[in-house]
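Per chain, numbering begins at 1; letters A, B, ... match sequence-line order.
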Amino acid sequence: MFSNEQIDIDVLPDFTQVDYKKMDKNAPFEQLIGWGITFAIVYTVLIIAWLVLNIPNDVALYIGLGLLAVMAWIVYYIFASHKQRGIALREQDILYKRGLIWRTTTIVPFNRIQHIETQRGLFERKLGLATVKIFSAGGLSSDLVISGLSVLRASQLRQIILDKTNSEQLKND
Amino acid sequence: MTEITTSKQSESEWHQLSPFSIVFFIINFTIRFIREGIINLAPALAIFITQVDDKLFWLGIAGAAFVVGLVIFSILYYRNFRYRVSDGQIILRRGILSKERTTLKFEKVQNVNLATPFYFAPLNLVNCIFDSAGSAQKEISLPGISNEYAEQVRTDIFDYKSQLKANGIEADAAQEGSDADSTNSMVNDKPMIRLSLAEIARFGLSSNMTFILLAVLAPFMETIIDFSKDSIVPNIVSVLATVLPQSPLLNVVAVVLFSVLVILTALMLSVLSSIVQFYNYELYDQGKQFKRTAGLFEKHQISIAKHRVQAISIKQNWVFKLLKRVTVQFHQLAIAHGQNAKNKNNLSIPTLYPELWPNIVDKTFNDLNISELNFMGISARYISHVIAVYWLFPLSVLTLILIQIDSNWIWLLAITPIGAGLVYLKWRRYGLWFNDNFVAIRTGFVGQKITVLPLYKVQNISQVQTPMLRRNNLANIVLQLPYGKESLPFVPKRKARAFLNLCAYQIERSEKSWL
């Protein structure tokens, strides 16, 4: 039966009125480890360069201080953005908000999800974390990468998405 | 799966292609060799140029060997090429040394497109291309089968799919089946749009080919200029001198003449390439699908079900603005993101009178009333923000640097109003319109682009806010579609929220297949 009633936009479910669940408390540490390793490598290279290439001490000092400032900013960013990050599930879709300066909220309806992937890197495994990647059509790679989920939450999320997308497909058949 | 038994007229034992397909293979392999193989030959070529005497002789030998090899290879390839259409699938066996077997099930076929190279046309042969939902590499094509047989296979495929539907297997096939029906009943219909040579030439003028060509030549510009100064310009001067009285201006005239000639040649090439692509362009409206035929050396027939059109863009660049034409582009699901995938199924209407595009949109999206389109602009803060962040800030830094190195910086002041003007133009183009079922987004600069799409085609939606946008109650919106992204900056927050809520509602409520 075809119907075409007018939709009252004001009474539609509002995506801004949702309670977001924060990411796992270990999530920032996983990011810290990643950046820590990167900086350790950069510092090692720079120190070797300083010793071998006879770079003047004051130049080395400036570069060192600059890097320290960058590091401080990254540490601040990791913890501050952790506070802004969160996921929420509604009956029909999943919401993910992230970002400190560019605060992005993405809504992915379950009936537009093509497939999902769960990924666990070395440090994620140590910290009991997992990353869920959600793919929908037309995206170049995955459309939504939700990192910093506890393993339990990741598998719950995965199960919910699979259930929802399956029931959608059954309805269409 | 339910067993479906039909006597299909195209059903067959193993078949061979027409012997004329050898010509197709020869041309195809040559093109592929030029495109992919020549780089690998570069080292050998370098040795050849530096080490070998008697270049012409050996070049002749190599060329002859190549041609003979190519012909033999093509004949062998033809002899080993077998196909079979049966049991609801197309099977292909090919390859000389390493044999390859490809199977494509009827229900996976999205479209059956026909291409007719000019040397096939008199023989009533076509290259039948089966578009599958999978990747571009797995595509099957049968070069050199008769036109009637191709049509037969096509009908069989769509009949098969509609039977699947009758047995309740695949929901999507319903539309396909009726597409096939309408194809049969309306084969002789008049084209909705037919483009004359002059119109296609116009498109050539507007395309960016000219600029691409000039960009390619840019690194060699100096050499070209030197060369033309030394040999071409004096020649023009001497020719001119015979008709015109001697004057010091003659050199200038010659240079101008030469530049005009170069630009005209570039334009000509661009026009020629668009004629090759769009010669005899005809677009048919066949009820549930569009059919397009075009091409000079190779006539391509493409059909696309209307429900597969994800969005329509109406574009007008600055050249087309002067020529008073628009280009209409139909967006489809893009699986492979290579350039091939983009061009192959291009249904686009290269050039159209602006007053005709609402009709096209109307025919594609039946329940959209195009006269409702009424764009709402974005916040004027866009102007001040973009000027400050992307114009004044970098300019100030540049000024400071220039002052530091004691260079002249006053001219930078002159650039500021130009930037402001450009930003204003861009701001003026941005527009958003939506009703309960459709959205239209307008962007542009001097020209403009309007994209119209049904809300249920959207895959996911995002809202982006920076601290500045939050303070001013604004938001950027981003829509992910099966062919890419559409976005709009600086939308009033209430409007953005209402739109995104509506969008989510329509996607989640819709039981229509978006594909």
Side-chain angles (χ1 to χ4, degrees), chain A residues 1-18 80 84 88-115 134-146 164-165 167-173, chain B residues 133 168-172 310-311 331-335 337 367 434-437 455-470 475-486 493-515:
Chain A
M1 253 283 279
F2 179 75
S3 69
N4 195 11
E5 283 163 40
Q6 192 182 351
I7 300 159
D8 187 354
I9 288 185
D10 295 328
V11 301
L12 286 177
D14 188 358
F15 79 95
T16 57
Q17 306 296 316
V18 209
Q84 298 296 332
L89 287 169
R90 297 194 294 182
E91 268 176 63
Q92 307 282 347
D93 48 26
I94 172 168
L95 284 80
Y96 178 46
K97 67 167 189 167
R98 67 218 179 264
L100 184 62
I101 296 169
W102 279 272
R103 290 194 190 163
T104 307
T105 309
T106 300
I107 308 170
V108 185
F110 292 129
N111 60 358
R112 292 290 180 275
I113 293 177
Q114 296 292 314
H115 71 277
I134 298 178
F135 296 79
S136 44
L140 279 169
S141 50
S142 49
D143 289 306
L144 208 57
V145 181
I146 307 175
K164 291 277 187 187
T165 46
S167 66
E168 280 297 327
Q169 273 158 20
L170 287 176
K171 212 172 8 175
N172 281 339
D173 278 346
Chain B
I169 294 168
E170 198 190 322
D172 195 36
Q310 303 290 339
H331 297 280
Q332 282 183 276
L333 170 68
I335 299 168
H337 288 269
D367 33 358
F434 60 92
N435 67 9
D436 287 352
N437 297 302
L455 289 177
Y456 79 93
K457 298 277 190 187
V458 177
Q459 301 295 308
N460 65 56
I461 46 186
S462 295
Q463 171 188 283
V464 185
Q465 280 186 314
T466 63
M468 190 280 304
L469 287 170
R470 262 198 309 281
N476 298 342
I477 54 177
V478 183
L479 308 179
Q480 171 81 53
L481 280 137
Y483 63 88
K485 279 189 161 71
E486 298 287 347
K493 194 173 113 193
R494 285 174 56 100
K495 201 83 181 169
R497 197 172 70 181
F499 173 67
L500 293 176
N501 284 333
L502 174 73
C503 211
Y505 170 74
Q506 289 291 18
I507 300 168
E508 287 152 15
R509 186 187 75 121
S510 165
E511 287 178 9
K512 275 191 268 187
S513 161
W514 57 266
L515 188 67

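By the 4.5 Å heavy-atom criterion applied to side chains, A/Leu12 and B/Leu502 are counted as neighbours. In this structure, B/Gln463 and A/Lys97 have side chains that are not in contact, with every pair of non-hydrogen atoms separated by 4.5 Å or more. Contact annotation: the side chain of B/Asn460 never approaches that of A/Ile107 to less than 4.5 Å [non-hydrogen atoms, C-beta and beyond]. By the 4.5 Å heavy-atom criterion applied to side chains, A/Ile101 and B/Pro467 are counted as neighbours.
The part of B/Ala504 that comes within reach of chain A is its side chain, from C-beta onward, which places non-hydrogen atoms under 4.5 angstrom from that chain. Contact of B/Gln506 with chain A is made through the side chain alone, with heavy-atom distances under 4.5 Å. With a threshold of 4.5 angstrom between heavy atoms, B/Val478 does not approach chain A through any atom at all. If you measure heavy-atom distances from B/Phe434 to chain A, the contacts under 4.5 Å come from the side chain alone.
For the options B/Leu500, B/Ile507, B/Asn501, heavy-atom pairs under 4.5 Å to chain A are most numerous at B/Asn501.
Residues satisfying the side chain to side chain contact (heavy atoms under 4.5 Å, CB included) test with A/Thr16, not counting sequence neighbours, are A/Asp14, B/Arg497. Evaluation of the ring pair (Phe, Tyr, Trp, His ring centres under 6.0 Å) rule for A/Phe15 yields no partner, not counting sequence neighbours.
With rounding to the nearest 0.5 Å, the separation of CD in B/Gln480 from OG1 in A/Thr106 is 9.5 Å. The CG atom of A/Asn111 sits 13.0 Å away from atom NZ of B/Lys512, with the distance rounded to the nearest 0.5 Å.
Without hydrogens or angle criteria, A/Arg112 side chain to B/Lys457 main chain gives no donor-acceptor distance under 3.5 Å. For A/Asp93 (side chain) and B/Glu508 (main-chain N/O), no donor-acceptor pair under 3.5 Å exists by modelled atom type.
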